[in-house]
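Quick caveat: nothing in here was measured; it's all calculated off a predicted structure.
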Amino acid sequence: MTTVVRGTSDTLTRDALTVLQPGFVGTTPPDWLLRRIGEGLSSVGLFGRNITTPEQLTALTARLRAERDDVLVAIDEEGGDVTRLEVRTGSSFPGNLALGVVDDPDLTRAVAHELGRRLAACGVDFNWAPSADVNSDPDNPVIGVRSFGADPQLVSRHTVAYVEGMQSAGVAACTKHFPGHGDTSVDSHLATPRIDVDPDTLHARELAPFRAAIAAGSKSVMSAHILLPALDPDRPATLSPRILTGLLRRELGYEGLIVTDGMEMQAIASTYGIERGSVLAIAAGADAICVGGGLADEETVLGLRDALVEAVRTGGLPEERLADAAARVRALASWTQAHRARGAGSEPGAAVQEGTAPGTDIGLVAARRALRVTLGEAPYAPPRSAPYVASFAPVANIAVGDETPWGVGAELERLLPGTRTGTYGPDTAAEDVLRAAGERRIVAVVRDAHRHAWMREALDGLLAARPDTVVVEMGLNQAPPRGALHIATHGAARVCGIAAAEAVAGV
């Protein structure tokens with residue numbers, strides 16, 4: 001049977017480019033990217049490597065829009081541990097877990113609005129956030145503090161608040177990772193996670209925040225590269241018609257843009273390949289292909305474009321499906337363009353919260369409210385002289401990255417000049433820290449201590465030798481509080497470090 005392609009070759013090519021959301025290398029757009037925007041590319045994804053200052057970012061987005069005014073400029077800016085806007089300094093906003101611990105939806109809405117306002121001011125109008133994953137597995141290696149928490153209803157109300165706050169600033173939110181990445185012990189950057197729970201559990205737990213986000217008008221939803229046999233035993237969600245079209249579109253009634261998680265992640269790339277995977281994703285119901293975190297060159301874009309065109313021509317992808325996907329991308333671009341024309345966040349009814357004016361410290365306010373401080377058996381006496389900060393650093397997951405600084409050393413140095421810091425890994429012994437600290441008071445900074453036996457053993461040795469050691473947990477706070485003072489920040493954003501340092505110094 002011969003496949004009849006009704007669209008022209010130019011139309012097919014433009015539609016294929018329209019559904020791609022690629023990245024690039026550098027702080028200015030390369031010529032090849034500008035050329036493809038002129039040919040129909042409708043979206044560009046930004047990462048930490050593309051950003052140095054707000055002024056540079058503003059110039060970059062202006063150059064993109066000089067080529068095409070309605071181009072979508074996307075970014076993976078969750079705040080907290082996952083920041084691209086402040087990749088070299090740490091975020092001015094705490095992440096989701098800290099906001100969930102406070103459990104004040106108005107605060108979450110205000111934080112998201114201010115973050116969105118800053119993005120919009122730099123010309124970014126599409127944010128691949130928030131994470132709506134219910135972190136039901138405390139050993140989850142990739143979600144953790146990126147989730148608002150383990151309770152579906154708490155996650156739901158804060159997902160709604162985040163979506164409302166972000167979109168009131170004129171930046172499209174992208175609720176992720178559908179249908180839920182919280183109950184996994186595998187990082188989909190590295191392999192394919194599998195969630196083996198029954199459909200009732202999935203609907204009551206994983207899907208609850210997504211239902212809430214859809215009702216709140218989330219402009220986009222991002223699919224997860226996870227296998228859920230109760231929904232589809234054969235294909236991960238990103239490639240599953242049952243999950244994207246059957247569940248998300250038909251059952252949940254979602255009409256907005258569906259974007260994939262990064263297609264170069266190993267859950268897809270090592271099993272299907274990014275070209276075949278992208279064709280299968282669009283055929284399954286996805287509208288936009290996110291790629292560029294690792295593969296950020298023209299060859300990748302052209303390969304994906306040609307794979308989609310060829311799939312239409314050979315009957316592997318219905319032309320109508322590709323055209324529908326491209327139309328949804330253009331519809332979102334029109335929404336963001338209209339917001340820019342009006343002035344982001346200034347339209348009637350915008351949910352502008354008190355304390356979100358330019359230069360506000362709403363992020364620091366939120367980080368301070370998220371601190372949970374537990375006193376040891378003896379009354380706590382802050383250090384009277386400069387302490388020694390021992391940072392126990394696990395290997396960062398790919399979503400967070402290892403280029404963003406974290407900890408309390410720099411912040412304590414401002415409060416207690418002369419503070420020294422050492423960083424320690426899995427081969428650390430307590431004696432190493434004691435030797436480096438000398439007579440100084442020790443502040444031990446950990447991240448997800450419950451997941452790392454070496455970290456707990458080092459703490460055991462430190463506390464046995466120096467019971468006055470302060471412990472600061474900047475990850476998921478699952479281990480029992482220990483130390484002369486135990487501070488849980490619920491995230492490693494820069495503002496979380498500031499709040500923890502204040503508590504250590506007693507200011």
Side-chain angles (χ1 to χ4, degrees), residues 21 37 42-46 50-51 54-79 83-86 91-93 105-130 132 158-176 213-222 255-257 259 287-288 290 328-360 362-363:
Q21 296 189 346
I37 290 173
S42 295
S43 309
V44 176
L46 301 181
N50 304 124
I51 300 168
E55 294 76 19
Q56 170 268 327
L57 177 56
T58 303
L60 187 161
T61 59
R63 181 66 188 90
L64 293 172
R65 293 213 168 89
E67 203 66 37
R68 178 174 175 176
D69 188 54
D70 65 345
V71 68
L72 279 167
V73 181
I75 198 168
D76 192 10
E77 179 58 58
E78 299 176 12
T83 179
R84 314 306 179 206
L85 199 59
E86 299 178 278
S91 182
S92 299
F93 304 92
D106 287 338
L107 178 67
T108 296
R109 190 176 294 106
V111 166
H113 178 87
E114 174 60 12
L115 178 54
R117 188 196 64 77
R118 295 190 190 185
L119 290 172
C122 295
V124 178
D125 55 7
F126 184 19
N127 191 11
W128 294 319
H158 287 279
T159 297
V160 167
Y162 192 107
V163 167
E164 291 175 345
M166 183 64 58
Q167 294 187 170
S168 72
V171 177
C174 183
T175 306
K176 63 187 184 184
I214 291 168
S218 181
K219 292 294 178 183
S220 180
V221 168
M222 177 177 283
E255 292 296 329
L257 186 80
V259 60
D287 305 305
C290 176
R328 290 181 192 274
V329 174
R330 294 178 187 122
L332 181 59
S334 295
W335 180 86
T336 60
Q337 187 180 30
H339 275 256
R340 286 199 309 278
R342 286 198 296 266
S346 62
E347 67 275 10
V352 179
Q353 300 295 320
E354 181 181 354
T356 59
T360 180
I362 187 67

Peer 1: Does Ser220 have any side-chain hydrogen bond (donor to acceptor under 3.5 Å, both in side chains) partners at least two apart in sequence or in another chain, and if so, which?
Peer 2: none
Peer 1: Work out which heavy atom in Val171 is nearest to a heavy atom in Phe126; give both atom names and the distance.
Peer 2: CG1-N, 3.8 Å
Peer 1: Could you tell me if the side chain of Glu255 sits less than 4.5 Å from the side chain of Arg328, heavy atoms only?
Peer 2: yes
Peer 1: Looking only at heavy atoms, which two atoms of Arg65 and Asp125 are closest? And how far apart?
Peer 2: NH2-OD2, 2.8 Å
Peer 1: Looking only at atom types and distance, does a side-chain atom of Gln56 sit under 3.5 Å from a main-chain N or O of Asn50, one as donor and one as acceptor?
Peer 2: yes
Peer 1: Looking only at heavy atoms, which two atoms of Ile75 and Val124 are closest? And how far apart?
Peer 2: CG2-CG1, 3.6 Å
Peer 1: For a 4.5 angstrom cut-off between non-hydrogen side-chain atoms, does Arg84 reach Leu46?
Peer 2: no
Peer 1: So, for Gly123 and Val73, which heavy atoms are closest and what is the spacing to 0.1 Å?
Peer 2: O-CB, 3.8 Å
Peer 1: Rounded to the nearest 0.5 Å, what's the gap from NE2 on His339 to OG on Ser334? Could you check?
Peer 2: 11.5 Å
Peer 1: Are Ser42 and Leu72 packed together at the side-chain level, in the sense that at least one heavy-atom pair is separated by less than 4.5 angstrom?
Peer 2: no
Peer 1: Side-chain contact, heavy-atom cut-off 4.5 Å: Glu114 with Arg118?
Peer 2: yes
Peer 1: Starting at SG of Cys290, measure out to CD of Gln21 and round the result to the nearest 0.5 Å.
Peer 2: 6.0 Å
Peer 1: Quick one: does any side-chain atom of Gln167 pair with a main-chain N or O of Ala173 as donor and acceptor, under 3.5 Å?
Peer 2: yes
Peer 1: At their closest point, which heavy atom of Pro105 faces which heavy atom of Ala161, and how far apart are they?
Peer 2: O-CB, 3.4 Å
Peer 1: I need the minimum non-hydrogen distance between Arg340 and Asp70, along with the two atoms involved.
Peer 2: NH2-CA, 4.1 Å
Peer 1: For the CG atom of Leu115 and the OG atom of Ser92, what is their distance to the nearest 0.5 Å?
Peer 2: 9.5 Å
Peer 1: Which distance, rounded to the nearest 0.5 Å, do you find between the OG of Ser218 and the CG of Leu257?
Peer 2: 10.0 Å
Peer 1: Under 4.5 Å between any side-chain heavy atoms of Leu107 and Ile362, yes or no?
Peer 2: yes
Peer 1: If I take atom OG1 from residue Thr175 and atom NZ from residue Lys219, how far apart are they, to the nearest 0.5 angstrom?
Peer 2: 12.0 Å
Peer 1: Just jot down the side-chain hydrogen bond (donor to acceptor under 3.5 Å, both in side chains) partners of Gln337, sequence neighbours excluded, or say none.
Peer 2: Asp69
Peer 1: Could you tell me whether the side chain of Leu60 reaches within less than 4.5 Å of the side chain of Ile51, counting heavy atoms only?
Peer 2: no
Peer 1: Less than 4.5 Å apart, side chain to side chain, heavy atoms only: is that true for Glu77 and Phe93?
Peer 2: no
Peer 1: Quick one: are Val221 and Lys176 in side-chain contact, heavy atoms under 4.5 Å?
Peer 2: no
Peer 1: What's the spacing between Thr108 OG1 and Tyr162 OH if we round to 0.5 Å?
Peer 2: 10.0 Å
